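Here's the structure we're looking at; comments come further down.
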2 protein chains.
Amino acid sequence: MSQPKKRRPLTLRDVSEASGVSEMTVSRVLRNRGDVSAATREKVLTAAKTLGYVPNKIAGGLASQQVNLVAVVIPSLANLVFPDVLSGISAELDDTPLQPVIGVTNYSPAREETVLYDMLSWRPSGVILAGLEHSRGARAMLEAVAVPVVEIMDVDGDVIDCAVGISHLQAGRQMAAEILAAGYRRIGFIGTHMPEDHRAKKRLAGFEAALAEAGVALAAREFYQGGSSLAKGRELTERILARERDLEFLYYSNDMIGAGGLLWAREQGYDIPGKLGLAGFNGVDLLDGLPIRLATTDARRQDIGRRAARIVAGKEPRPEGGKLILAPHFLPGETIRAPGSGIGVRQE
Amino acid sequence: MSQPKKRRPLTLRDVSEASGVSEMTVSRVLRNRGDVSAATREKVLTAAKTLGYVPNKIAGGLASQQVNLVAVVIPSLANLVFPDVLSGISAELDDTPLQPVIGVTNYSPAREETVLYDMLSWRPSGVILAGLEHSRGARAMLEAVAVPVVEIMDVDGDVIDCAVGISHLQAGRQMAAEILAAGYRRIGFIGTHMPEDHRAKKRLAGFEAALAEAGVALAAREFYQGGSSLAKGRELTERILARERDLEFLYYSNDMIGAGGLLWAREQGYDIPGKLGLAGFNGVDLLDGLPIRLATTDARRQDIGRRAARIVAGKEPRPEGGKLILAPHFLPGETIRAPGSGIGVRQE
DNA sequence: ATGAAAGCGCTAACAG
DNA sequence: CTGTTAGCGCTTTCAT
């Protein structure tokens, strides 16, 4: 074979020589900038394609002091929720020159800081990152940066530049209201133990606050470490019900463990939603195929991604007061009774 | 507030002036290169931290002609399988200076080409991309590139530089052998219709070939468009069994639709695995929490990611002949009878 | 152990 | 419409 292989990368100069046009004009053609005659344009394009020239964005970025990257920093990819956020982001960035670059922190603040440092060293045109809680170092970097910074998912707390998300406090309160309205009173909560799962913590806080206002205390809670899975949901559900046999409702911190609990409880013959109600959180589409639909809250993941991307792309102004608050949507499913259908009003 | 906010990004020069040391020495300290006295080292580090200096990798990359990025091009993030591959890649890259950058093609060859073009314009130190089938343009770019290119997931076909994966032909054959050994004969297949799902296609080819060698023909097949979900699995299973009531086994092209089929068939009261056997593909951990474990093939996703990353990082030599072939692992689960326990040997 | 000079490949800003 | 001149912020190379 005599194809050109593994050579020195081509430069603008190569295209310039091949087409007999100045580097500057070649550059203009390749970026569709300024007026270039159709003739030279053609020559350049042909030469570039023939040679297989790929522009060097490193050099371009340095020269133009502009890098069309958006740093996106999220806790995990194994989570089912972040791919949705990402798809919202890329959908909205697709018709702009901006490109998302993903960094994963594994829920570690220290790792978040290093990931952020690495990403900022590429001088991106914007930053989107999950959550409102960051290390001092991370905050300092984000405050010093000269580009839009959008914190996503959560709006309960202090914002660096601006935030797009739902109020998890409100989501918790909302679910509590629905559960109470359906007449359930002996309620348990199952969630992660992760110290860094601030959003789950806020949901629980809102949930308990709303229960308390109705004179109801959480009857049991069960925490776990590590990732969420159907298996974990089964195990935890069995455990909490073994401890507190008379629970009437279980509120899970995410749909995956909720789905596991649902499968388990059905196998055990629990009357759902009659004697035992269940609810998760997120609104993942995995729920579509379960034997019955788990009640949940749509966390507006895709919308959050879209709106955040729109702000970074300048399609939408930075929200007033820095917070763009989306409403969590309650999805009743089939694991919670209809409102007012409860056994007793208030306890006994 | 008088904190420094939204200013011009700091440069090496700023650190140089703040510490009274030449830019060159500052650069050495920040990269731990060459000998620098402990004293100046200290001065520089302090100055850099105080100022909040973040190095500019754009400039660094241009000067050093070396960019420590690895382009990773995959079809989708919503797929459950790619996060595993990615986690293998980042685990193996974590102790190197290399950083993965993810590009998503949505199973479109055209999009793959543009994503690749965009990524190559950053002059990465390596490329990892899914599959062996690429557009002419994409192949040309990859052949011209001067860095390692690792095609992953599949090894059945022509390799550009090298490949790490399983043989899907073999995976299909293996599953056919297991199903036949268990005595099932009336077998159906359910898979995506996507023209670009080459790996599923190869599995089916291997599957049918092995069946044919045993004198068995596929009794039915059902294809679908779009993404995989539990709901889709239910629907397709219902449809194929409505058409061919006497099917004894269903081979799904992935675990997600297999799991949906499993849930549906159990609800319908099918005797599994006695009268109806089921198998999926991938070995996702979602399967852990189902009522019974779906038989499947572990596609070695994380291993594939790790080995590919090792090759790109130079921890491992490029494989002989360009192909690093991993063995798919059959996982029997509980939805296939034990070998030899079949109803009849051969067809009556 | 430290510094000075040159230049990576491209584009902004000006000519013409 | 096209070309020339600088220089982006860093690192390589060579001195000292």
Side-chain angles (χ1 to χ4, degrees), chain A residues 7-45 47-48 51-69 97 117-118 120-125 146, chain B residues 7-45 47-48 51-69 97 117-118 120-125 146:
Chain A
R7 306 145 44 143
R8 164 184 65 75
L10 297 156
T11 68
L12 259 192
R13 177 181 209 95
D14 295 308
V15 183
S16 166
E17 286 170 357
S19 61
V21 178
S22 78
E23 287 186 40
M24 197 54 235
T25 301
V26 173
S27 170
R28 285 196 183 95
V29 171
L30 265 24
R31 288 176 300 143
N32 306 307
R33 292 297 187 78
D35 306 271
V36 181
S37 77
T40 45
R41 193 185 146 71
E42 213 48 48
K43 262 193 300 189
V44 169
L45 253 19
L51 294 177
Y53 172 69
V54 177
N56 184 332
K57 285 195 184 168
I58 297 283
L62 185 61
S64 65
Q65 297 287 59
Q66 218 209 265
V67 178
N68 286 325
L69 296 176
Y117 184 85
D118 285 343
L120 292 182
S121 72
W122 292 106
R123 300 289 186 268
S125 297
Chain B
R7 304 145 47 142
R8 163 186 64 77
L10 297 156
T11 68
L12 258 192
R13 178 183 208 93
D14 296 308
V15 182
S16 165
E17 286 170 357
S19 60
V21 178
S22 78
E23 288 186 39
M24 198 51 239
T25 303
V26 173
S27 170
R28 286 197 182 95
V29 171
L30 265 23
R31 288 175 301 140
N32 306 308
R33 292 299 187 77
D35 306 270
V36 181
S37 76
T40 47
R41 193 183 147 70
E42 212 48 45
K43 263 193 301 191
V44 170
L45 254 19
L51 294 175
Y53 172 70
V54 177
N56 185 332
K57 286 195 183 168
I58 298 283
L62 183 60
S64 65
Q65 296 288 59
Q66 217 211 267
V67 178
N68 286 325
L69 295 176
Y117 184 84
D118 284 343
L120 292 182
S121 73
W122 292 106
R123 300 289 186 267
S125 297

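Computed from a prediction, not measured in an experiment: that's the story for all the values here.
Taking atom NZ of residue A:Lys57 and atom C1' of nucleotide D:dC8, one finds them 18 Å apart after rounding to whole Å. What separates CZ of A:Arg33 from C1' of C:dA12 is a distance of 10 Å, to the nearest Å. As rounded to whole Å, 18 Å separates atom P of D:dC8 from atom CD1 of A:Ile58. Straight-line distance from the CG atom of B:Asn68 to the P atom of D:dC10: 16 Å, rounded to whole Å. Rounded to a whole Å, the CH2 atom of B:Trp122 is 13 Å from the P atom of C:dC10. Spacing between atom CG of A:Asn56 and atom C1' of C:dG7 amounts to 14 Å, rounded to whole angstrom units. Rounded to an integer number of Å, the gap from CD of B:Glu23 to P of D:dT11 is 10 Å. Going from atom CG of A:Leu62 over to atom C1' of D:dG9 covers 6 Å, rounded to whole Å.
With C:dC10, D:dG3, C:dA12 as the choices, the nucleotide that has an atom nearest any side-chain atom of A:Val21 turns out to be D:dG3. Comparing D:dT2, C:dC10, D:dC10 against the side chain of A:Tyr53 picks out C:dC10 as the nearest. Nearest nucleotide to the A:Ser22 side chain, out of D:dT4, D:dC10, C:dG9: D:dT4.
Residue-level contact check: A:Asp35 touches the bases, meaning some heavy atom is under 4.0 Å from a base atom. Contacts of B:Arg28 with the nucleic acid, taken as non-hydrogen atoms under 4.0 Å apart, include base atoms.
What you find for A:Leu10 and A:Leu51 is that their closest heavy atoms are CD1-O, 3.2 Å. Residues B:Ser19 and B:Ala47 approach most closely at CB-CB, 3.8 Å, considering heavy atoms. Between A:Leu12 and A:Ser27, the shortest heavy-atom distance links the atoms CD1-CB, 3.8 Å. The minimum heavy-atom distance between A:Asn56 and A:Ile58, with the atom names listed, is OD1-N, 2.8 Å.
Helix bend of the helix from C:dA1-D:dT16 to C:dG16-D:dC1: the angle between its two end axes, each built from five pairs, comes to 30° after rounding to 10°.
For the contact set between residues 10-17 of chain A and DNA chain C, defined by any heavy atom under 4.0 Å, the members are A:Thr11, A:Leu12.
The distance from the CG atom of B:Asp118 to the CG atom of A:Leu69 is 10.0 Å, given to the nearest 0.5 Å. Note: B:Lys43 NZ to B:Ser37 OG = 7.5 Å, rounded to the nearest 0.5 Å. Summarising the geometry, atom CD belonging to B:Glu23 is positioned 12.0 Å from atom CZ belonging to B:Arg28; distances are rounded to the nearest 0.5 Å. Interatomic distance, A:Asp14 CG to A:Tyr53 OH, rounded to the nearest 0.5 Å: 9.0 Å.
Side-chain nitrogen and oxygen atoms of A:Thr25 include none within less than 4.0 Å of the OP1 or OP2 phosphate oxygen of D:dT2. Applying the 4.0 Å criterion to OP1 and OP2 of D:dT12, one finds that B:Gln66 has every side-chain N and O outside that range. Between A:Gln65 and D:dG9 there is a side-chain polar atom (N or O) within less than 4.0 angstrom of OP1 or OP2. Between B:Ser27 and D:dC10 there is no side-chain N or O to OP1 or OP2 distance below 4.0 Å. Regarding contacts with the backbone of D:dG9, every side-chain N or O of B:Arg8 stays at 4.0 angstrom or more from both OP1 and OP2.
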- Under the side-chain contact (heavy atoms from CB on, under 4.5 Å) rule, what do A:Val67 and B:Trp122 come out as? Steps first, then yes or no, please. CA-CA 11 Å; A:Val67 178; B:Trp122 292 106; 3.6 Å; yes
- Task: Could you go through the side-chain contact (heavy atoms from CB on, under 4.5 Å) check for B:Val36 and B:Thr25 one step at a time?
- Result: CA-CA 7 Å; B:Val36 181; B:Thr25 303; 4.1 Å; yes
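With the nearest nucleotide of DNA chain C identified for both B:Thr40 and A:Met24, B:Thr40 has the one nearer the 5' end. Mapping B:Ser37 and B:Ser64 onto DNA chain C by nearest heavy atom places B:Ser37 at the nucleotide closer to the 5' end.
In this structure, B:Arg31 places its CZ atom where more than 12 heavy-atom neighbours from other residues, nucleotides or ligands lie under 6.0 Å away.
In the interface, the side chain of B:Arg123 is not paired with the base of C:dG9 through any donor and acceptor atom under 3.5 Å apart.
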